[in-house]
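Please read the structure below before turning to the comments.
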Amino acid sequence: MAYSVIIHIAGEPSVVGEIEELPKSTDTIIMVSNPRLRDGKDVHYIEPNVTKVIWPIAKVALIELLESEEEENLIGFVRE
């Protein structure tokens with residue numbers, strides 16, 4: 001299952017992308033597919049035709065997990 005994430009990299013703008021699995025405590029890198037800025041624009045220091053980027057975990061300040069459409073649908077039928 002792919003996860004949509006926002007990755008906060010020290011000293012750089014936040015990057016949105018998808019990861020195949022959540023990083024483990026022993027991982028030293030994270031591979032992100034379709035990296036882009038939060039507004040959908042290309043990341044200025046990544047070539048436009050790049051589809052996957054590997055960042056060292058040491059440069060990542062935090063990772064936010066975005067809610068998937070599947071999860072939104074599961075929550076949608078609950079009465080409030």
Side-chain angles (χ1 to χ4, degrees):
M1 175 180 164
Y3 297 92
S4 294
V5 295
I6 300 174
I7 298 177
H8 298 268
I9 302 164
E12 297 292 339
S14 302
V15 175
V16 177
E18 290 78 38
I19 57 175
E20 289 300 318
E21 59 184 52
L22 298 176
K24 299 172 191 69
S25 61
T26 56
D27 288 346
T28 57
I29 59 170
I30 184 167
M31 184 179 301
V32 180
S33 300
N34 304 316
R36 58 201 178 277
L37 296 177
R38 294 175 80 173
D39 59 5
K41 294 181 181 174
D42 291 337
V43 180
H44 68 279
Y45 55 87
I46 299 174
E47 293 294 319
N49 58 346
V50 171
T51 58
K52 291 187 178 184
V53 175
I54 299 171
W55 273 287
I57 289 287
K59 294 285 187 183
V60 175
L62 67 106
I63 300 170
E64 294 182 73
L65 296 175
L66 300 175
E67 193 169 303
S68 69
E69 287 184 27
E70 266 180 34
E71 290 173 354
E72 286 179 18
N73 290 337
L74 288 175
I75 294 170
F77 64 85
V78 176
R79 287 181 122 171
E80 293 181 13

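None of these values were measured; they are calculated from a predicted model. Side chains included, hydrogens not; waters and symmetry mates left out as well; all remaining heavy atoms used.
The side-chain heavy atoms of T28 and I57, taken from C-beta on, include no pair separated by under 4.5 Å.
For D27, the side-chain contact (heavy atoms from CB on, under 4.5 Å) test picks out P23, K24, with sequence neighbours left out. With sequence neighbours left out, I9 forms a side-chain contact (heavy atoms from CB on, under 4.5 Å) with I7, E12, V15, Y45, W55, K59.
Heavy atoms only, all atoms of each residue included: G17 and R36 are closest at CA-NH1, 3.8 Å.
The environment of E64 atom CD is dense: over 12 non-hydrogen atoms of other residues, nucleotides or ligands sit within 6.0 angstrom.
In this structure, CD on E21 lies 10.0 Å from CD1 on I30, to the nearest 0.5 angstrom. How far OG of S14 is from CG of L62: 7.5 Å, rounded to the nearest 0.5 Å.
Checked options V50, L37, V16, V53; the residue passing with V43 is L37 (criterion: side chain to side chain contact (heavy atoms under 4.5 Å, CB included)).
Cluster partners of M31, using a side-chain heavy-atom cutoff of under 4.5 Å among ILVMFWY residues and allowing indirect links, are I29, I54.
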